[in-house]
Amino acid sequence: MPEGHTLHRLANALDDAFAGRQVAVASPQGRFAEAAALLHGRTVDAASAHGKHLFVDVDSGLTWHVHLGLIGKFTLTAASGDPAADLPRGEVRARISDGVTIGDLRGPAACEVLTAGEVSDIVGRLGPDPLRADADPEMAWVRIHRSSRPIAALLMDQAVLSGIGNVYRSEVLFRNRLNPRRPGNRLARRSWLAIWADLTYLMPIGVRTGSIDTVRPEHEPAAMGREPRQDDHGGEVYVYRRANQACHVCGSRIRTAVLDGRNLFWCGNCQRRG
DNA sequence: CCTCTATGGCGAA
DNA sequence: TCGCCCTAGAGGC
């Protein structure tokens with residue numbers, strides 16, 4: 001689930017559900033009891049996201065900081081009114097509720113309550129986020145064009161730009177026909193600007209739909225006479241997790257390799273640009 | 001039952 | 001670069 005679009009979508013949903021509402025916050029398994037106690041009974045001011053970080057401001061002036069990591073999930077459901085039916089299921093690390101909506105947090109990498117200064121420190125370490133209106137792609141370009149690391153690694157570095165994960169990096173490189181191993185300092189400036197423009201196009205779609213759909217209309221299953229993608233790892237994609245399958249554009253076998261500790265996918269035929 | 005995997009990131013070596 | 005943390009679902013035996 002969690003690339004930047006997931007967190008922005010979640011922030012929107014939390015803001016809709018809880019802004020202006022007094023909330024109960026509990027840590028059913030006790031792991032985050034300290035954080036829950038600081039939030040319990042407070043009124044939510046606003047929820048927001050920066051990169052893959054979620055921030056929920058409350059009326060004490062403190063902020064709930066959540067990072068979902070690789071496996072974390074934060075689900076919102078309508079309270080049924082039946083306490084037995086609403087009991088936490090699974091490893092619920094934190095539950096927030098106003099009696100109308102229940103938010104359950106599972107498997108987070110971070111769940112803590114921070115001061116405004118601590119929040120600033122975190123945000124200050126992040127590169128520009130394509131989902132934020134204040135984001136400046138030049139901030140990322142300054143680092144990219146000085147680095148010898150491959151562009152596929154730089155895209156995943158949250159200090160260079162934030163919110164991009166393992167699906168978006170493979171997909172945006174494919175869509176722009178870029179060689180994933182091209183070093184940042186040999187990447188054309190126009191290629192970077194194309195990547196950024198594409199991310200600012202793709203990621204808001206992810207926020208709206210909740211899944212990562214990257215396939216252009218002319219390559220969609222109906223247009224190509226193939227079966228729609230049937231798995232839980234996003235929507236229609238060109239290369240992500242399609243190792244050894246045929247490229248939707250040229251038919252070549254999709255390649256995979258570990259790059260920067262994560263599985264990268266690309267088409268060696270389509271992606272030759274720098 | 002078991003093992004493996006995952007849209008992430010940290011710290012040790 | 002590697003091990004490790006966290007949860008849940010899938011697949012193998």
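Per chain, numbering begins at 1; letters A, B, ... match sequence-line order. We use all heavy atoms of the structure for the numbers below, so side chains are in, but hydrogens, waters and symmetry mates are not. These figures come from a predicted structure and were not determined experimentally.
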Pairwise [atom1] distance, [M] and [N] [rounded to whole Å]:
N: B:dT7; M: C:dT1; atom1: C1'; value: 22 Å
N: C:dA8; M: B:dC10; atom1: C1'; value: 22 Å
N: C:dG3; M: B:dC4; atom1: P; value: 13 Å
N: B:dT5; M: C:dC13; atom1: P; value: 15 Å

Expressed as a whole number of angstroms, how long is the span from [X]:[atom1] to [N]:[atom2]?
X: A:Asp129; N: B:dT7; atom1: CG; atom2: C1'; result: 15 Å
X: A:Lys73; N: B:dG8; atom1: NZ; atom2: C1'; result: 13 Å
X: A:Ile164; N: B:dG9; atom1: CD1; atom2: P; result: 11 Å
X: A:Arg89; N: C:dG9; atom1: CZ; atom2: P; result: 12 Å
X: A:Arg125; N: B:dG8; atom1: CZ; atom2: P; result: 19 Å
X: A:Arg169; N: B:dG8; atom1: CZ; atom2: C1'; result: 12 Å
X: A:Leu54; N: B:dG9; atom1: CG; atom2: C1'; result: 17 Å
X: A:Phe265; N: B:dA6; atom1: CZ; atom2: C1'; result: 11 Å

Phosphate contact ([N] OP1 or OP2) by [X] side-chain N/O below 4.0 Å:
X: A:Lys52; N: B:dG9; answer: yes
X: A:His67; N: B:dG9; answer: yes
X: A:Asn263; N: B:dA6; answer: yes
X: A:Tyr240; N: B:dT7; answer: yes

> Any side chain to side chain donor-acceptor pair (under 3.5 Å) pairs touching residues 198-210 of chain A, not counting sequence neighbours?
Replying inline: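 As it turns out, the side chain to side chain donor-acceptor pair (under 3.5 Å) pairs with a partner in residues 198-210 of chain A, which skip direct neighbours, are A:Arg175-A:Asp198, A:Asn176-A:Asp198.
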>> Per the side chain to side chain donor-acceptor pair (under 3.5 Å) rule, what does the pair list look like for residues 80-89 of chain A, sequence neighbours excluded?
In response: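 For residues 80-89 of chain A, and leaving out neighbouring residues, the side chain to side chain donor-acceptor pair (under 3.5 Å) pairs sorted by first residue read A:Ser80-A:Asp86.
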> To the side chain of A:Arg241, which of B:dT7, B:dA6, B:dG9 is closest?
Replying inline: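 So the side chain of A:Arg241 is nearest to B:dA6.
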> Which listed nucleotide (B:dA6, B:dG8, C:dA8) is nearest to the side chain of A:Arg106?
Replying inline: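 The nucleotide sitting nearest to the side chain is C:dA8.
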> Any ion pair linking A:Glu138 and A:Arg189 (charged N to carboxylate O, less than 4.0 Å)?
Replying inline: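 A salt bridge is present here (some side-chain N lies under 4.0 Å from a carboxylate O).
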> Would A:Leu14 end up clustered with A:Val123 when hydrophobic side chains under 4.5 Å apart are linked, directly or stepwise?
Replying inline: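 No; tracing contacts between hydrophobic side chains, which count when under 4.5 Å, never links both residues.
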> Is there a chain of hydrophobic side chains (I, L, V, M, F, W, Y, each step under 4.5 Å between heavy atoms) that links A:Val249 to A:Leu202?
Replying inline: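 The answer is yes; both residues are in one hydrophobic cluster.
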Roughly how far apart are [X] [atom1] and [Y] [atom2], rounded to 0.5 Å?
X: A:Glu112; Y: A:His67; atom1: CD; atom2: NE2; answer: 11.0 Å
X: A:His53; Y: A:Leu114; atom1: NE2; atom2: CG; answer: 10.5 Å
X: A:Arg106; Y: A:Gln29; atom1: CZ; atom2: CD; answer: 9.0 Å

Review item, nucleotides 4-6 of chain C N/O atoms under 3.5 Å of protein N/O:
residue, atom, partner, partner atom, Å
C:dC6, O3', A:Arg93, NH2, 3.2

